[in-house]
Amino acid sequence: MMDTLVRLFPPPPPLLLPTKISQLFHASSPPCSFPKPHYTGKRFSRVQSSKYGNFLDLKPESTPEVLDFDLPRLDPSSRSRVDVIIIGTGPAGLRLAEQVSQYGIKVCCVDPSPLSMWPNNYGVWVDEFQSLELESCLDKTWPMACVHIDDNKTKYLDRPYGRVSRKKLRKLLMERCLSNGVKFLKAKVWKIEHKEFESLIVCDDGNELKASLVVDASGFASSFIEYDKPRNHGYQIAHGILAEVEGHPFDLDKMVLMDWRDSHLGNEPYLRTGNSRFPTFLYAMPFDSNLVFLEETSLVSRPVLSYMEIKKRMVARLRHLGIRVKRILEVEKCVIPMGGPLPRIPQSVMAIGGTSGIAHPSTGYMVARTMALAPVLAEAIAECLGSTRMIRGKSLHERAWNGLWATERRCVRQYYSFGMETLLKLDLNGSRRFFDAFFDLDPYYWQGFLSSRLSLRELALLSLSLFGHASFPSRFDIVSKCPVPFVKMISNLALETM
């Protein structure tokens, strides 16, 4: 088996792709306990002041929004029983509730604040939402994206990009849930207990509720999902602001997917040294000449890069670009665990969204993928609970988990995790060389990779093509830094296919 895998997949180059403004953590709820962060340069170095000032002193002006819905509440005292309990009403939870309930299955969503607006911004490729018939939920689109490799080279990507309207998407999913008879319980789940054919949740208000299946859609911070391997995640960390500015240098018909330039750190030697070792890039969405979303991002690091370091680099970058922030409308502070092992498969609690491992290990993209995979999981659940046989207990758990994580999907994830492990070893110049080669590939491959559409065989072909497009220094990076992650991937693929 091992020899066959090695012949089929010669050592491919690393694949780690750009971030987005999706699946971000709000600062008030960290995803899990993180390792001690990297501190680069002098820990207490100060960013020099300028006439543009320091936007970090500004406070966001937007207030949390709440949807106006008359939710059908479940009365726990009635001892009514449901088929599926979904913990969380984020994009993953509502999408799954909408999909499962359309089979006539009784669903209850449990969340301490089921009508609160999501705090995150979400960016997607337009064709992804079009294929899901969700394009009406985009509030802004750009016909092109661009990637600044350095001061002398820019890649232009002929693929429209869009920002998801959180309000439109939440409203659409909520309306579909209500029309399908989904019930809601305003509470926080404290504990889950399991019996042979049913599970029981215990909430913070003392109420209890039983169901044939409990699905955790509460995000990375969940403690209900079990792992049987060390959780050796990489971490994506970013600081983003939606800001009113006096002006900016960005073209309004292009969003900036990645800006790897570092000329803004010319007068900041400590920041520049740190950025050379652990690089960050700018992600920008220009809405008009005075409104823009800006995000300084570390694609992946282990341990997580210092959050203060991210903010200092962003201050220096905006000052260099001549961007003076007048008002901050929204702030995003995010940490996204990337890669690492999948949850133990199967187990008594099902998962969807961040806690299920479906975040792209090489990019952090998750929203479009969650929207696409929720129907797959819903079908697996419906085959058990929607049939006259009423398959429950261990058989239900096994079918649900294997429906979401079929063997091919698990193998593809191993490849993406290999990419993440390799990118962890690249410095700024190595990252620049990699993305220079990556975006020279046939659009079928780079677009398919970013959208998780390629098969394992197609990923192997992509790797060979990428090696051919890479510069000699980039090939040296691949040959010298890939062997250990590659051997680990081959080993994991062998285990997955046994």
Should the pair [X]-[Y] be classified as a salt bridge under the 4.0 Å nitrogen-to-oxygen rule?
X    : Y    : answer
E383 : R399 : no
R457 : E408 : no
D139 : R166 : no

Within the side chain of [X], is there an N or O that forms a donor-acceptor pair under 3.5 Å with the backbone of [Y]?
X    : Y    : value
N402 : E398 : yes
S222 : G219 : no
S298 : I237 : no
W118 : T89  : yes

Name the orientation class of the two ring planes belonging to [X] and [Y] (parallel below 30°, tilted from 30 to 60°, perpendicular beyond 60°).
X    : Y    : result
W125 : Y365 : tilted
F435 : W260 : parallel
Y227 : H233 : perpendicular

Next item on the list: With sequence neighbours excluded, tell me which residues meet side-chain hydrogen bond (donor to acceptor under 3.5 Å, both in side chains) with D427.
Entry: none
Next item on the list: Step through the shown structure and confirm whether more than 12 heavy atoms of other residues, nucleotides or ligands are within 6.0 Å of CG on D158.
Entry: no
Next item on the list: Using a 4.5 Å cut-off on heavy atoms from C-beta on, say whether the side chain of L441 contacts that of F449.
Entry: no
Check: Going from CZ on R433 to CG on L428, what distance comes out if it is rounded to the nearest 0.5 angstrom?
Finding: 9.5 Å
Margin query: Nearest 0.5 Å, please: how far is SG in C177 from CD1 in I86?
Written below: 7.5 Å
Margin query: Can you see whether S131 engages R453 through a side-chain donor-acceptor pair at a distance of less than 3.5 angstrom?
Written below: no
Notebook entry, point to check: Checking salt bridge (charged side-chain N to carboxylate O under 4.0 Å, His left out) against D262, which of R272, R317, R277, R313 comes through?
Noted result: R272
